[in-house]
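Worksheet for the structure shown next.
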Amino acid sequence: MNWYDHLYMGEKAKKQRYGILEGLREGKWQPEIYVIMPSQNGNNILEILPSVMLQVPPYQEQEILLVGVAVTYWEALEVARQIVDDLYQKTGGFRLADLINRKKETRIEMLSEPENSEKGTMRGGLC
């Protein structure tokens, strides 16, 4: 199981973040927890599943990317809506891969400085 770098979490889920994520990693039974992941078929953008489904063979054997976590089904619907809103606002479309790759590229750009940076840097010798 993999986590999206900018994991979306519902309001209730944020309050219990550590316990929920630890429980998901360890495969604990958490009946009220729902996970949101990219759709396995090409007809939908996202899938919402009870977290206990991650323990059954079709999902247990796959490498899954979780993009959102919520405490109730209604909260999961709200988190999925937020993901789709962000997806459309930031990419202008509905391909989830575009949002995921865009976030990675943005993070890489923020970490790397341009060569002609105005910050004082030492290159090859003493300044």
### Message
Is there a side chain to side chain contact (heavy atoms under 4.5 Å, CB included) between Met37 and Leu49? Walk through the geometry before answering.
### Response
CA-CA 8 Å; Met37 57 190 228; Leu49 297 173; 3.9 Å; yes
### Task
Walk me through it: do Met53 and Tyr34 pass the test side chain to side chain contact (heavy atoms under 4.5 Å, CB included)?
CA-CA 9 Å; Met53 291 296 291; Tyr34 287 81; over 6 Å; no
### Query
Run the side chain to side chain contact (heavy atoms under 4.5 Å, CB included) check on Ser51 and Val35 step by step: do they pass?
CA-CA 6 Å; Ser51 64; Val35 295; 4.3 Å; yes
### Query
So Leu21 and Trp3, side chain to side chain contact (heavy atoms under 4.5 Å, CB included) or not? Walk me through it.
CA-CA 10 Å; Leu21 297 181; Trp3 308 94; 3.5 Å; yes
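Here the side chain of Asn41 pairs a donor or acceptor atom with the backbone of Asn43 at under 3.5 angstrom. One N or O on the side chain of Glu75 and one on the backbone of Lys12 form a donor-acceptor pair closer than 3.5 Å. When atom types are taken as modelled, the side chain of Gln55 and the backbone of Lys28 share a donor-acceptor pair closer than 3.5 angstrom.
Scanning for side-chain contact (heavy atoms from CB on, under 4.5 Å) contacts around Glu63 gives Asn2, with sequence neighbours left out. The side chain to side chain donor-acceptor pair (under 3.5 Å) search around Glu78 returns Arg81, not counting sequence neighbours.
Classified by interplanar angle (parallel below 30°, tilted 30° to 60°, perpendicular above 60°), the ring pair Tyr4/Tyr8 is parallel. Aromatic ring orientation, Tyr88 versus Phe94: parallel (interplanar angle below 30°, classes split at 30° and 60°).
Of all heavy-atom pairs spanning Ile48 and Ala76, the tightest one is CG2-CB, 3.7 Å. Residues Gln30 and Leu24 approach most closely at NE2-N, 3.2 Å, considering heavy atoms.
Between Glu22 and Arg25, no side-chain nitrogen of the basic residue sits less than 4.0 Å from a carboxylate oxygen of the acidic one, so the salt-bridge criterion is not met.
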